[in-house]
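Single-structure report; data block below.
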There are 4 protein chains.
Amino acid sequence: MPRQVRERQMLDAAVAAFARHGYQAASMDDIAEAAGVSKPLVYLYLKSKEELFTACVRREIGALVAAVREGTRERGVSADQQLWNGLTAFFAHTADRPDGVAVLHRARTQGEPFAREVAAMRVEILTLVTGLLAQAAQDAGCAGVPAEREVSGLAHALVGAAESLAEWANSHEAARAGAAPSARETAATLMNFCWAGLENLMKGARWVPGASP
Amino acid sequence: MPRQVRERQMLDAAVAAFARHGYQAASMDDIAEAAGVSKPLVYLYLKSKEELFTACVRREIGALVAAVREGTRERGVSADQQLWNGLTAFFAHTADRPDGVAVLHRARTQGEPFAREVAAMRVEILTLVTGLLAQAAQDAGCAGVPAEREVSGLAHALVGAAESLAEWANSHEAARAGAAPSARETAATLMNFCWAGLENLMKGARWVPGASP
Amino acid sequence: MPRQVRERQMLDAAVAAFARHGYQAASMDDIAEAAGVSKPLVYLYLKSKEELFTACVRREIGALVAAVREGTRERGVSADQQLWNGLTAFFAHTADRPDGVAVLHRARTQGEPFAREVAAMRVEILTLVTGLLAQAAQDAGCAGVPAEREVSGLAHALVGAAESLAEWANSHEAARAGAAPSARETAATLMNFCWAGLENLMKGARWVPGASP
Amino acid sequence: MPRQVRERQMLDAAVAAFARHGYQAASMDDIAEAAGVSKPLVYLYLKSKEELFTACVRREIGALVAAVREGTRERGVSADQQLWNGLTAFFAHTADRPDGVAVLHRARTQGEPFAREVAAMRVEILTLVTGLLAQAAQDAGCAGVPAEREVSGLAHALVGAAESLAEWANSHEAARAGAAPSARETAATLMNFCWAGLENLMKGARWVPGASP
DNA sequence: GATGAATGAGATTTCATTCAT
DNA sequence: AATGAATGAAATCTCATTCAT
């Protein structure tokens, strides 16, 4: 059996194990057995547990980013439409590969080297989002560009909301209140949640404490 | 030294260790040493690693919920103001006890018993938030109550955004773009991000794909 | 509370614990708690686990030997009658204090110092038995005294049979085949088992291989 | 080195250790070192201390039962001869493998699962013995079959006597009174001790208190 | 006379990792 | 290319034992 195939089997098994048990609790024994190979072979191909985890993380990062980029590829549509497309792609992907997403989630709290990789991916996606927001601002004849720090905060809020919604949409809790929502429904929920606020912001309108009607 | 004092020392050390290394990687040896006691004493007082972790989680849940409840206690103010107060308390708390928050974050991916405790806390806070949103809807002369599933999704989005913002606000990344933002600033960012959207939703206005200006 | 009373409580608790769990598995914690006192008090009175076990063993040895001696005290009766009396006393005692007997049983396999104490007790009882056998030989006009080694072997066989019967009589297995047998019944069983053989031996008759009818 | 060989080495070392120190006091460290392997290998092959002990017990049970069965295999000889053959085989075995016998002895007081295995073995041997006694009764033109409980008691007495004699024969004490007795001598001692009594019993004769000559 | 507080030492068990073949 | 055999290191947890009061 060719090396590439064997390697993918190992990565598949590793992603499943890391997703279910976490980095520490997943054992190389179990991964090797699940992959249907002997432990020395895993070490021959992937060097160590750390590198194996890194390989998993990189693969899943690539898959996620590719999915989102593919979703926002369509040109000639308005910024909010593109954002919606990207979100839909994101939610579709998280529904499709829950283990991969779980591995990325685990990696964020697994020490510097892993956390950094995921952080870099978040930056990549945030950049994408930020770009869309900026274009939306332009489209809307926005008065001025908000401070970098504010944009950064907004982007983090958006991504955090998306992650939380993805987790909720794929949990059993959501299914209890009817069928699990589709990716499009979830994306719409998030757009509803934030779009008006973002639009206002871009136009320079601000919510301030003590000023509500 | 009296038992209560020692127990608090142990919990402090354990929270720090669990926050930094996670449940599995934090060792009882290190925790005992950090607490300035011997390992057997930790076991005498806290029974096992699992119960120690549980004790940490419960303590931090209590502290977080108390902080947020305290923030929303003030009566006679509008709903958005109360939400803002609660968010400010939340961000102040996360800035004040980053380790405690990290422990709660870890607990969510550490198996059923722990995850359930945190989930229960999230439900408690979501209920609080939902109540405020409902009152806001009333204040705004809202046309109809949105479906339960939609409200649930919105609340998850809000909480996720808050968590993500808290993490970002306390990270070094935020400091790089100027001083770390205050709790009030972060709360304002989040209100700006979502309030208009929520208000629209309550009034029955919806964002729909393909309908943007 | 006077020291003697406290000490007896401790010994009672210790005997029960050692009987149930064995020397190693019985913990000083449990013994102290069962005795209703704190651990340091146990150490104050009984020095160490080893000495505590020794005290238990000595007490139970004393009780057992006293019971058997009491049983054989009656003068002016034939030797077999005295032996039967002694056996009855032995089985009555083992039925009455199963924990004490169990401790002695455990002590036999618990290393030199303890095993020696029990061995000494066995010697004491064996001497008693041997004396009765000798007198029986005289009564029966026995031809000659058997070799010391043979007598020793016989005595061990008798004691072993008695111990095994005691254990069986107090086990649930015996109760399954009707009510548990009384001490007198068990003693009769053992007398039936061996008396004729012993009598023959004393008269010089021997069982030899290949000579059965 | 092949797995089977290593496993036997481990069992040999474990039997020796359990025999000398008992289940609790024997440490896996010592067993591994005595077997000339590392501790993890012991766990890899034997799973746990409990299973290791079980494996020892089962092996020694098998060896002992096989030895006794082999001894009683010879057909066409009288019942007492067969019993003597079986006893000789038993004493030869206990002299040959004192550690194995000691392990079985320990197992009887080491908790339900172990005690049950040994009890089952005792039942097996008791059945064998009971069969021989029954045949002997037939040979002797026995009047009637004694009650089940009485037979059970007699068998227990016989086995207990045999165990006690075996222990004595292999102890230093026996050697002090001349050379240690051979298996045939010990078997003869036991036959002398009980055979006449058993024969009487089979014929319906009973020893009763107060009726001695 | 009695105890709450505390620990050094050692138990079983698991895991990532490497040879020799 | 692939593996059965093997281990060093470290994890969680328990226990007999002693102070200071």
Side-chain angles (χ1 to χ4, degrees), chain A residues 1-3 6 23-32 36-53, chain B residues 1-7 10 23-33 35-53, chain C residues 1-3 6 23-32 36-53, chain D residues 1-7 10 23-33 35-53:
Chain A
M1 191 172 303
R3 171 160 182 160
R6 277 260 195 261
Y23 176 68
Q24 312 267 351
S27 86
M28 294 296 271
D29 272 277
D30 297 346
I31 292 173
V37 298
S38 73
K39 239 186 322 176
L41 197 59
V42 179
Y43 279 89
L44 186 63
Y45 283 1
L46 287 136
K47 298 282 199 183
S48 74
K49 195 184 191 184
E50 215 168 303
E51 290 199 27
L52 172 57
F53 190 56
Chain B
M1 192 171 303
R3 174 166 180 156
Q4 266 188 325
V5 177
R6 279 273 192 250
E7 266 190 37
M10 291 177 196
Y23 177 69
Q24 313 262 356
S27 90
M28 294 298 270
D29 272 279
D30 296 347
I31 292 174
E33 187 177 337
V37 299
S38 70
K39 234 186 326 174
L41 198 59
V42 179
Y43 279 92
L44 186 62
Y45 285 177
L46 276 309
K47 305 291 188 195
S48 71
K49 195 184 189 183
E50 211 168 307
E51 288 200 28
L52 172 56
F53 191 57
Chain C
M1 189 173 305
R3 171 161 181 160
R6 278 260 197 261
Y23 176 69
Q24 311 268 350
S27 88
M28 296 296 272
D29 273 277
D30 297 345
I31 292 173
V37 298
S38 72
K39 240 185 322 177
L41 198 57
V42 179
Y43 279 89
L44 186 63
Y45 284 1
L46 287 137
K47 298 284 199 181
S48 73
K49 195 185 191 182
E50 215 168 302
E51 290 200 26
L52 172 57
F53 190 56
Chain D
M1 191 170 299
R3 174 166 180 156
Q4 266 188 325
V5 177
R6 278 272 192 251
E7 265 191 39
M10 291 177 195
Y23 176 68
Q24 314 260 357
S27 89
M28 294 298 269
D29 271 280
D30 297 346
I31 292 174
E33 187 176 338
V37 299
S38 71
K39 236 185 326 173
L41 197 59
V42 179
Y43 279 91
L44 185 61
Y45 286 177
L46 276 310
K47 305 292 189 195
S48 73
K49 195 185 190 183
E50 213 168 306
E51 288 200 29
L52 171 58
F53 191 56

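Letters A, B, ... are given to chains in the order of the sequence lines, protein chains preceding strands, and every chain is numbered from 1.
The A:Met28 side chain lies nearest to E:dA16 when the options are E:dA16, E:dT12, F:dA11. For B:Tyr43, counting side-chain heavy atoms from C-beta on, the closest listed nucleotide (F:dT12, F:dA2, E:dT12) is F:dT12.
Taking atom NZ of residue C:Lys49 and atom P of nucleotide F:dT18, one finds them 14 Å apart after rounding to whole Å. With rounding to whole Å, D:Leu41 atom CG is found 14 Å from F:dG8 atom C1'. Here E:dA11 presents its C1' atom at 8 Å from NZ of D:Lys39, a figure rounded to the nearest Å. Note: CG (A:Asp29) to C1' (E:dT13) measures 14 Å, nearest angstrom. Between the C1' atom of F:dA16 and the CD atom of C:Gln24 lies a distance of 12 Å, rounded to the nearest Å.
D:Glu7 pairs by the side-chain hydrogen bond (donor to acceptor under 3.5 Å, both in side chains) definition with D:Arg3, not counting sequence neighbours. A:Arg6 is linked by a side-chain hydrogen bond (donor to acceptor under 3.5 Å, both in side chains) to nothing, counting only residues two or more places apart in sequence or in another chain. Residues that satisfy the side-chain contact (heavy atoms from CB on, under 4.5 Å) test with D:Glu51, not counting sequence neighbours, are D:Lys47, D:Ser48.
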Distances under 3.5 Å between protein N/O atoms and the N/O atoms of nucleotides 19-21 of chain F, please, pair by pair.
none

May I have the list of side-chain donor-acceptor pairs in residues 23-32 of chain D shorter than 3.5 Å, sequence neighbours left out?
unit_1  : atom_1 : unit_2  : atom_2 : d
D:Tyr23 : OH     : D:Glu50 : N      : 3.4
D:Ser27 : OG     : D:Asp29 : N      : 3.4
D:Ser27 : OG     : D:Asp30 : N      : 3.1
D:Ser27 : OG     : D:Asp30 : OD1    : 3.4
D:Ser27 : OG     : D:Asp30 : OD2    : 3.3
D:Asp29 : OD2    : D:Lys39 : NZ     : 3.4

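At the phosphate of F:dA6, OP1 or OP2 sits under 4.0 Å from a side-chain N or O atom of D:Arg6.
Each of C:Leu44 and B:Val37 was assigned the nucleotide of DNA chain E with the nearest heavy atom; the assignment lying further toward the 5' end belongs to C:Leu44. For the pair B:Arg3 and D:Ser27, both in contact range of DNA chain E, the more 5′-proximal nearest nucleotide belongs to B:Arg3.
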- prompt: Which dot-bracket string fits DNA chain F when only Watson-Crick or G-U wobble pairs with both atom distances under 3.5 Å count, crossing pairs get [ ], and | stands for a partner on a different strand?
  reply: .||||||||||||||||||||

